[in-house]
Amino acid sequence: MALNIDIKENNYLVYYRYYEYDLYSYMVQLKKPMNEEIIKYILYCILQGLKKMHENWFLHRDIKSSNVLIGESGVVISDFGMACQFSIP
């Protein structure tokens, strides 16, 4: 999980792991087309994240390349400011 929350003496500390790139800046710095295996891996991670969100009844509502973070610890979806919870109609 990318988000960590610690509670110490009535203070909340919220922090994220460091990710070197968002997907857009990663593609720009490559200066060549991405390898097909990398594309598959990134897409798989995004779809796994969306699946987990939807299983827990959340919609992200703002998926874009700048909201996909890439780093040594993997690929994650970020920026849940537009996210909402939904229920069975």
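All values below come from the heavy atoms of this structure, side chains included, with hydrogens, waters and symmetry mates left out.
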Backbone of Ala83 reached by a side-chain donor or acceptor of Arg61 within 3.5 Å: no
Please name all residues satisfying side chain to side chain donor-acceptor pair (under 3.5 Å) with Asp62, sequence neighbours left out, ordered by chain then number. Asn67
Go through the steps to decide whether Ile77 and Ile63 satisfy the test side chain to side chain contact (heavy atoms under 4.5 Å, CB included), and finish with yes or no. CA-CA 8 Å; Ile77 300 169; Ile63 294 292; 3.8 Å; yes
Would you say Tyr44 and Met34 are hydrophobically clustered, going by side-chain heavy atoms of ILVMFWY under 4.5 Å? no
Going from CD on Gln85 to CZ on Phe58, what distance comes out if it is rounded to the nearest 0.5 angstrom? 4.0 Å
Side-chain hydrophobic cluster, 4.5 Å single linkage: members besides Val28: Tyr24
For residues 25-35, which residue pairs qualify under side chain to side chain donor-acceptor pair (under 3.5 Å), counting only residues two or more places apart or in two chains? Asp22-Ser25
Heavy-atom donor-acceptor pair, His60 side chain to Gly81 backbone, under 3.5 Å: no
Inspect the surroundings of CD in Glu36 and state if more than 12 heavy atoms from other residues, nucleotides or ligands are less than 6.0 Å away. no
Could you walk me through whether Met53 and Phe80 satisfy the side chain to side chain contact (heavy atoms under 4.5 Å, CB included) test, starting with their C-alpha distance in whole Å, then the side-chain angles of each, then the deciding distance to 0.1 Å, before giving a yes or no? CA-CA 11 Å; Met53 287 178 60; Phe80 291 86; 3.6 Å; yes
Would you call Val75 and Tyr41 a side-chain contact if the rule is heavy atoms closer than 4.5 Å? yes
Heavy atoms of Ser66 and Ser78 approach each other most closely as O-OG, 4.4 Å
Can Ile42 be reached from Leu30 by stepping across I, L, V, M, F, W or Y side chains whose heavy atoms are under 4.5 Å apart? yes
Answer yes if Leu23 and Ile38 sit in the same cluster of Ile, Leu, Val, Met, Phe, Trp and Tyr residues linked by side chain heavy atoms under 4.5 Å apart, and no otherwise. yes
Could you go through the side chain to side chain contact (heavy atoms under 4.5 Å, CB included) check for His54 and Leu59 one step at a time? CA-CA 6 Å; His54 294 172; Leu59 293 175; 3.8 Å; yes
Hey, mind stepping through Tyr19 and Ile70 against side chain to side chain contact (heavy atoms under 4.5 Å, CB included) and telling me if it holds? CA-CA 6 Å; Tyr19 289 88; Ile70 300 174; 5.8 Å; no
Any idea which heavy atoms bring Met27 and Ser65 closest together, and the distance? CE-CB, 4.5 Å
